[in-house]
Amino acid sequence: MPMRLSQSLIPTLKETPAEAQIVSHRLMLRAGLVRQMASGIYAWLPAGLRVLAKIEQIVREEQNAAGAQELLMPTIQSADLWRESGRYDAYGKEMLRITDRHDRELLFGPTNEEMITAILRDATKSYRDLPQILYHIQWKFRDEVRPRFGVLRGREFLMKDAYSFDLDYTGALLAYKKMMLAYMRTFQRIGVVAIPMRADTGQIGGDLSHEFHILAPTGESGVFYDAAFETGNAAAATNVEAFYEQMTSIYAATDEKHDQAAWAAIPDARKREGRGIEIGQIFYFGTKYSEAMNFAVTGPDGAKIFPEMGSYGIGVSRLVGAIIEARHDEAGIIWPDAIAPFRAAILNLRQGDALTDQICAELHNTLGADCLYDDRAERAGAKFAEADLMGHPWQIIVGPRGAANGQVELKRRATGERFELAIAEALAKVQA
RNA sequence: CGGGGCGUGGCGCAGCCUGGUAGCGCGCUUGUUUUGGGUACAAGAGGCCCCCGGUUCGAAUCCGGGCGCCCCGACCA
């Protein structure tokens, strides 16, 4: 269903609400993507939800391509499950604990290692049932002491979390490597530069972990990396092992893990220092949960095997904020093509003029649902300003000036380039 | 969890110190105007001034208590 701005709920703001400090938060509110409902809790409005859905879909396709299977686990979990792993007490106040009408203890899930382990424990009995990689894309809740930065540190957030189960270390490591490749492909398709960095394992446990950081001047962590990362092409990688070898042999670290000696060994011309926003993390943690929760399958010799596990997260809702931090200018958001709420906007500069109306309607019909038609009775300036704010990759500007000659103006948001083109040519460029 | 700040029309704010008819800009509605970078003029609509209690003839304003939100730090996907 093609969307007309005059009939859509895309409440843009000229002024920035006082609560928003950082640029992505301001732009998300101003562009009408989200509204805050409580501290760290957001409603996703139609345009924002479109972005979320597009990111989700890319993540989903790459997870599937890596051999992971999608399922959906609930947001509410039982406290008993978390007592099995010992994390019910260990997790602390970040876990939102609730009780139901029977005083049963429940919690709003901050992550799902326990639950997925319980599911596999019930459903797999033999070594023949492994390996498995499962994932879901579900809302999580962490009761942050201090939510801030809009969706970058919300309390409720959308995360893709995958879990791998293997019979031995080699298998687990292969799953880890597959996920690293899947992640790099995912971020490349989304249209951002992300760099894998050795990381601490924190709350999850284990001894092998990488964080993925998007480079943005406002990032929370200082990052150091080799310029070789800027030219990588995960889409072209054909060999998982070779790709992993390549990724882990190039230097990249957050300030916490920064190694002066290794850094000194890099030629100065290739040294890059900047700031990063973490948008994903992968962990290998062995049998930590399978043993604690007594999940074993029977091996070929009849002996118990505790599966080797890993978990793999992508902050889907956080990515929206992170991408805006990395891609904006004074006028507004600059969406990558793949995840913009709308690939193109049609700006009718003379609403009511028979010819411009007709051209706009044709364009709109041809481009369909991924295009937003600004058919409001607003001044040209207001339409330009809002289109820039919302960050549509393409703006098709239809005014009486060009319309008479069968021409429209095509503007590329990212570069500011403008082209005077025949209608068919403009369409071809947008649809390319 | 320590420190700081803020709650007044949809948004941004002033008024509070020194108690006395609730204001400004933007937005919204209607009309006219303008028509390629948030246009101009005119007329309108819209407020339990966060909540509860106290002081007072009288509270947005003073006092007490709550609640909510933001910022800095520690913490964290």
Side-chain angles (χ1 to χ4, degrees), chain A residues 9 11-22 25-26 29-30 32 35-41 91-95 109-113 138-161 183 199-204 209-214 219-221 254 256 276-283 311-322 330-332 347-353 356 374 376-390 395-403 407-409 411 416 418 420:
Chain A
L9 184 75
T12 55
L13 301 170
K14 261 172 118 164
E15 288 176 283
T16 306
E19 77 262 16
Q21 294 300 313
I22 63 158
H25 191 194
R26 290 202 293 258
L29 292 168
R30 288 230 291 132
R35 285 294 184 266
Q36 182 169 333
M37 296 293 108
S39 179
I41 297 177
Y91 213 95
K93 294 190 126 181
E94 273 201 4
M95 180 186 282
T111 178
N112 287 66
E113 280 83 8
Q138 175 65 292
W139 292 91
K140 305 292 188 293
F141 197 95
R142 292 184 194 172
D143 198 2
E144 293 283 341
V145 249
R146 191 184 155 211
R148 62 187 134 164
F149 305 145
V151 301
L152 289 178
R153 183 161 305 287
R155 292 193 292 173
E156 191 181 43
F157 56 96
L158 187 61
M159 182 161 104
K160 185 286 298 181
D161 40 323
Y183 274 37
D200 285 321
T201 52
Q203 193 70 258
I204 308 280
S209 180
H210 283 87
E211 288 178 354
F212 296 79
H213 284 257
I214 282 187
E220 289 187 81
S221 336
T254 61
E256 292 167 351
I277 302 172
E278 186 191 336
I279 37 88
Q281 187 165 9
I282 58 180
F283 303 86
S311 73
Y312 316 88
I314 292 178
V316 175
S317 52
R318 170 181 272 197
L319 257 170
V320 179
E330 324 73 52
L347 311 193
N348 186 340
L349 297 193
R350 187 74 64 87
Q351 190 68 29
D353 176 89
T356 60
D374 189 346
R376 298 168 307 161
E378 285 289 340
R379 296 268 309 199
K383 295 190 178 191
F384 288 133
E386 278 199 26
D388 284 347
L389 173 63
M390 292 182 64
Q395 294 172 19
I396 307 172
I397 299 157
V398 184
R401 197 193 278 168
Q407 292 210 311
V408 295
E409 182 179 325
K411 176 177 165 182
R418 295 142 172 277
E420 289 281 348

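Any value given below was found using the heavy atoms of this structure, including those in side chains, with hydrogens, waters and symmetry copies removed. First the proteins, then the strands, lettered A, B, ... as listed; each starts at 1.
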Pick base, sugar-phosphate or nothing for [X], based on heavy-atom distances below 4.0 Å to the nucleic acid.
| X | result |
| --- | --- |
| A/Gly154 | base |
| A/Ile279 | nothing |
| A/Gly399 | base |
| A/Lys160 | nothing |
| A/Leu13 | nothing |
| A/Ala385 | base |
| A/Ala18 | sugar-phosphate |
| A/Leu347 | nothing |
| A/Gln21 | sugar-phosphate |
| A/Arg350 | sugar-phosphate |

Please check the phosphate of [N] (OP1 and OP2 only) for any side-chain N or O of [X] closer than 4.0 Å.
| X | N | answer |
| --- | --- | --- |
| A/Thr111 | B/A77 | no |
| A/Gln36 | B/G68 | no |
| A/Lys14 | B/G27 | yes |

Polar pairs (N or O, both sides) under 3.5 Å between protein and nucleotides 1-3 of chain B?
from : atom 1 : to      : atom 2 : distance (Å)
B/C1 : OP1    : A/Lys93 : NZ     : 2.9

**OP:** Quickly work out the A/Arg379 CZ to B/C26 C1' distance and round it to whole Å.
**Re:** 17 Å
Subject >> Whole-angstrom distance between B/G7 and B/G12, as gauged at atom P >> reply: 11 Å
Subject >> Side-chain donor/acceptor contact of A/Glu15 with base of B/G25 under 3.5 Å >> reply: yes
Original post:
Without hydrogens or angle criteria, can the side chains of A/Ser221 and A/Glu256 be said to hold a donor-acceptor pair below 3.5 Å?
Top reply: no
Original post:
How about A/Asp161 and A/Gln138: does a side-chain donor come under 3.5 Å of a side-chain acceptor?
Top reply: no
Sequence-distant partners of [X], salt bridge (charged side-chain N to carboxylate O under 4.0 Å, His left out), two or more places apart:
| X | result |
| --- | --- |
| A/Arg376 | A/Asp374, A/Glu386 |
| A/Glu220 | A/Arg153 |
| A/Asp143 | A/Arg155 |

Original post:
Looking at residues at least two apart in the chain, or sitting in another chain, which of them share a side-chain contact (heavy atoms from CB on, under 4.5 Å) with A/Glu15?
Top reply: none
Given [options], the nucleotide with the shortest approach to the side chain of [X]:
| X | options | result |
| --- | --- | --- |
| A/Ala382 | B/G36, B/G38, B/G12 | B/G38 |
| A/Glu19 | B/G36, B/C69, B/G38 | B/C69 |
| A/Phe384 | B/U34, B/C71, B/G36 | B/G36 |

Original post:
Excluding sequence neighbours, so at least two apart, what forms ring-ring contact (aromatic ring centres under 6.0 Å, His included) with A/Phe157?
Top reply: none
